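Worksheet: the structure to be examined is printed underneath.
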Amino acid sequence: MNSMKIRRTAIAVAAAALLPFSLAACSDSGGDTKAAPSAGPEEAAKTSESTPSDAAMTDDQPFGPACAGVPKEGAGSFDGMAKDPVATAASNNPALSTLVTAVKQAGLVDTLNNAENITVFAPTNDAFAKIPKADLDKVLADKDMLTKILTYHVVGEKLTPQQLENGSFETLQKGMITTKGSGENYTVNDTSKVVCGNVKTSNANVYIVDTVLMPK
């Protein structure tokens, strides 16, 4: 009998000693569960809103192979051009110096700088170089003809790349231009390729092209 009592007493003591540890373990487990709740629908929505998709981040950026030649800093950079009206912005881009000379020769600097919400298809220096020098000199010397050619490169609204996919637009010269393409590949009038598109200035969207457009 004495041995039985001793054995029961020992079991009871052991159980009493283990009970606090069991309760502590249960308490810790419960604490871990509360510390890492699953995100509810509202939190998930907030996370989605605060992290824009890659498409949303790149849709409004300049595109095209010639964009690599645009200065990274200063007035001629994309950020710099965005602060100036279009004729001033173009004058800070080395690849558009011939266009700037033509705009000045035609007396269109103020016209372009003061216009609101326009699109300019801006030929590069190489685009003008495709025109025989004698012909280019003749055009530069004829203010009326030069004005018609330059205003044919301007549309009286800001065009997005999506609008260029299959578009037809009236120019300031009153002629029509057509555009087509998708992604980062667009052509104007089936002959002139956009080599750096969706460039922003304070009053215009600019699409730099590789061929001078001639009024039809």
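Residue numbers run from 1 in the order of the sequence given. Just so we're clear, the structure is a prediction, and the values are computed from it rather than from any experiment.
The closest donor-acceptor contact from the side chain of Tyr186 to the backbone of Val195 lies at 3.5 Å or more, if one exists at all. For the pair Asn205 (side chain) and Thr119 (backbone), a donor-acceptor distance under 3.5 Å is absent. A distance-only check finds a donor-acceptor pair linking the side chain of Asp210 to the backbone of Lys193 [under 3.5 Å]. With hydrogens and angles disregarded, no donor-acceptor distance shorter than 3.5 Å links the side chain of Ser192 to the backbone of Val188. Without hydrogens or angle criteria, Asn185 side chain to Gly181 main chain gives no donor-acceptor distance under 3.5 Å. Asn198 places no side-chain N or O within donor-acceptor distance of the main-chain N or O of Leu159, the cut-off being under 3.5 Å. With hydrogens and angles ignored, the 3.5 Å screen pairs no side-chain donor or acceptor of Thr201 with any backbone N or O of Ala82. The main-chain N or O of Asn93 is never found under 3.5 Å from a side-chain atom of Ser97 such that the two would form a donor-acceptor pair.
Nearest heavy-atom pair, Leu146 versus Ala102, reported as atom, atom and distance to 0.1 Å: CD2-O, 3.4 Å.
With hydrophobic clusters built from ILVMFWY side chains whose heavy atoms lie under 4.5 angstrom apart, Val155 shares a cluster with Val209. Following chains of ILVMFWY side-chain contacts shorter than 4.5 Å, one cannot reach Leu213 starting from Phe128, and the two form parts of different hydrophobic clusters. Phe121 is not connected to Leu150 by any chain of hydrophobic side-chain contacts under 4.5 Å among Ile, Leu, Val, Met, Phe, Trp and Tyr, and they are in different clusters. Val100 and Val206 are not part of a single hydrophobic cluster, where members link through side-chain heavy atoms under 4.5 Å apart. In this structure, Leu96 is a member of the same hydrophobic cluster as Leu112, with clusters built from ILVMFWY side-chain heavy atoms closer than 4.5 Å.
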Passes side chain to side chain contact (heavy atoms under 4.5 Å, CB included), Tyr152 versus Lys174? Steps please.
CA-CA 7 Å; Tyr152 183 66; Lys174 300 302 181 185; over 6 Å; no
Does Thr187 form a side chain to side chain contact (heavy atoms under 4.5 Å, CB included) with Lys180? I'd like the steps, not just the answer.
CA-CA 6 Å; Thr187 57; Lys180 66 180 181 181; 3.5 Å; yes
Start with the C-alpha gap between Gln163 and Glu157, add the side-chain angles, then the distance that decides, and say whether side chain to side chain contact (heavy atoms under 4.5 Å, CB included) holds.
CA-CA 11 Å; Gln163 287 176 283; Glu157 62 177 304; 3.7 Å; yes
Go through the steps for Lys72 and Phe78 under the test side chain to side chain contact (heavy atoms under 4.5 Å, CB included), then give the verdict.
CA-CA 8 Å; Lys72 303 300 182 186; Phe78 291 129; over 6 Å; no
Apply salt bridge (charged side-chain N to carboxylate O under 4.0 Å, His left out) to Lys133 and Asp137, showing your working.
CA-CA 6 Å; Lys133 187 177 185 306; Asp137 289 344; 2.8 Å; yes
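Judged by distance alone, the side chains of Thr88 and Asn113 do bring a donor and an acceptor atom under 3.5 Å apart. Looking at Lys130 and Thr211, their side chains do bring a donor and an acceptor atom within 3.5 Å of each other. If you check the side chains of Thr98 and Asn125, you find a donor sitting under 3.5 Å from an acceptor.
Environment of CE in Met176: crowded, with over 12 heavy atoms of neighbouring residues, nucleotides or ligands closer than 6.0 Å. Within 6.0 Å of NZ in Lys158 there are more than 12 heavy atoms belonging to other residues, nucleotides or ligands. Annotation for Glu116: atom CD does not count as buried by contact number, only 12 or fewer foreign heavy atoms lying within 6.0 Å. By the neighbour-count criterion of 12 heavy atoms within 6.0 Å, atom NZ of Lys200 is densely surrounded, having more than that number from other residues, nucleotides or ligands.
Evaluated for a side chain to side chain contact (heavy atoms under 4.5 Å, CB included) with Met214, the options Asn189, Thr191, Ile131 yield exactly one hit, Ile131.
By the 4.5 Å heavy-atom criterion applied to side chains, Cys196 and Tyr207 are not counted as neighbours. Inter-residue side-chain proximity for Val212 and His153 is flagged as met; some heavy-atom pair is nearer than 4.5 Å.
Between atom CD1 of residue Ile149 and atom CG of residue Asp144 there is a gap of 11.5 Å, rounded to the nearest 0.5 Å. How far OG of Ser182 is from CG of Leu164: 11.0 Å, rounded to the nearest 0.5 Å.
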